[in-house]
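First the structure, in the form of structure tokens, and then the observations on it.
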Amino acid sequence: MSTMRLDKFIGKSTEYSLADAKTCIEDRRVAVNGDIVIVASHQVHKNNVVALDGSVLTLRPFRYLLLNKPAGMICSNIDEKYPSALNLLDIDKVEELHIAGRLDADTTGLVLITDDGHWSFHLTLPQNKCAKVYHVTLSQPLSSGVAERFLQGILLQGESTLTQPATLRIIDSHHVLLTLTEGRYHQVKRMFAAVGNRVIALHRQQIGTLKLDISTGNWRHLSNNEVEILRGRYISAA
């Protein structure tokens with residue numbers, strides 16, 4: 001944690017909901033470093049001492065999960081047109097979790113889930129260049145020169161800047177592995193549309209040093225080592 005809203009800190013260190021936490025703050029029951037604070041959005045630093053009714057609060061440990069998302073689910077905290085991928089988690093306090101780096105409903109594969117906002121924010125910043133590897137199935141045979149164009153950057157329809165250099169490894173005429181370090185809206189589909197092709201299936205199989213190693217619809221906790229490798233490579237320098 002670098003900083004966190006006071007109401008969120010209380011929610012993550014007690015059984016209170018965010019609404020209840022705000023009430024506690026407004027009722028002058030919360031002190032930070034010995035001073036009463038009545039603003040829910042007050043930013044708490046990791047070295048601050050937060051007390052509720054005189055008792056010092058301690059955050060629950062952050063959680064880090066890897067999920068193999070099936071098609072037909074969305075990377076949202078609530079069900080919309082499609083159900084949320086978080087429905088697949090049999091874990092307490094799912095509502096505190098969020099998905100770091102979204103996939104479209106029809107895209108399958110690796111997603112990271114956490115309640116550590118600092119970790120996920122920096123992991124998904126384009127300037128931190130955390131690579132994502134996608135297995136792409138195309139409707140038409142791949143034309144010559146596409147790999148070179150992707151390395152140079154593609155101007156997507158409606159945008160004014162080229163995409164960051166992307167690496168394309170050809171498996172066969174209709175299947176490739178694409179490595180990106182940014183995540184623009186529908187980027188993979190738009191990149192191939194820009195070179196006259198169409199993506200008919202898209203599967204993310206790697207984020208940074210993490211490779212997908214579980215079957216569709218399943219999830220697991222990241223090991224401490226996996227979390228710290230990503231933190232050291234993409235987050236600590238941020």
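All residue numbers refer to positions in the sequence shown, counting from 1.
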Looking only at atom types and distance, does a side-chain atom of [X] sit under 3.5 Å from a main-chain N or O of [Y], one as donor and one as acceptor?
| X | Y | result |
| --- | --- | --- |
| Asp104 | Thr107 | no |
| Arg102 | Cys75 | yes |
| His203 | Tyr134 | no |
| Asp7 | Ala19 | no |
| Ser84 | Asp79 | no |
| Lys69 | Ala105 | yes |

Identify the heavy atoms of [X] and [Y] that sit nearest to each other, and give their distance.
| X | Y | value |
| --- | --- | --- |
| Ile207 | Leu230 | O-CD2, 4.3 Å |
| Thr114 | Ser120 | CG2-CB, 3.8 Å |
| Thr181 | Gln164 | OG1-CB, 4.0 Å |
| Pro70 | Thr216 | CB-CG2, 3.5 Å |
| Leu52 | Cys24 | CD1-CB, 4.0 Å |
| Ile200 | Leu138 | CD1-O, 3.9 Å |

When you look at Leu112 and Leu110, which way does the side chain to side chain contact (heavy atoms under 4.5 Å, CB included) test go after all the steps?
CA-CA 7 Å; Leu112 297 177; Leu110 196 164; 3.9 Å; yes
Under a 4.0 Å threshold between the charged nitrogen and the carboxylate oxygen, would [Y] count as salt-bridged to [X]?
| X | Y | result |
| --- | --- | --- |
| Asp27 | Arg29 | no |
| Arg60 | Asp115 | no |
| Lys211 | Glu226 | no |

Spacing of [atom1] belonging to [X] relative to [atom2] belonging to [Y], to within rounding of 0.5 Å:
| X | Y | atom1 | atom2 | value |
| --- | --- | --- | --- | --- |
| Thr137 | Leu202 | OG1 | CG | 8.5 Å |
| Arg5 | Ile25 | CZ | CD1 | 8.0 Å |
| Leu67 | Ile214 | CG | CD1 | 6.5 Å |

Do [X] and [Y] make a side-chain contact, defined as non-hydrogen atoms from C-beta onward lying under 4.5 Å apart?
| X | Y | value |
| --- | --- | --- |
| Ile91 | Leu65 | yes |
| Leu6 | Val39 | no |
| His135 | His175 | yes |
| Leu212 | Leu66 | yes |
| Asp116 | Val227 | no |
| Gln152 | Leu162 | no |
| Ile154 | Leu156 | yes |
| Ile38 | Arg28 | yes |

Strictly under 6.0 Å, is that where the ring centroids of Trp119 and Tyr64 end up?
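Between Trp119 and Tyr64, the centre distance is under 6.0 Å.
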Identify whether Trp219 and Leu222 are in the same connected component of the hydrophobic contact network (ILVMFWY, side-chain heavy atoms under 4.5 Å).
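No; Leu222 is not reachable from Trp219 via cluster members.
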Would you say Leu103 and Val176 are hydrophobically clustered, going by side-chain heavy atoms of ILVMFWY under 4.5 Å?
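Linked within one cluster.
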Parallel, tilted or perpendicular: rings of Phe192 and Phe150 (30°, 60°):
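It falls in the perpendicular class, over 60°.
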Residues Lys132, Gln206; criterion side chain to side chain contact (heavy atoms under 4.5 Å, CB included); working and verdict:
CA-CA 6 Å; Lys132 278 80 68 174; Gln206 185 171 344; over 6 Å; no
For Arg190, salt bridge (charged side-chain N to carboxylate O under 4.0 Å, His left out) partners two or more places apart
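Here the qualifying residues are Glu159.
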Stepwise side chain to side chain contact (heavy atoms under 4.5 Å, CB included) check, Lys129 with Gln127:
CA-CA 5 Å; Lys129 298 187 182 301; Gln127 55 263 44; over 6 Å; no
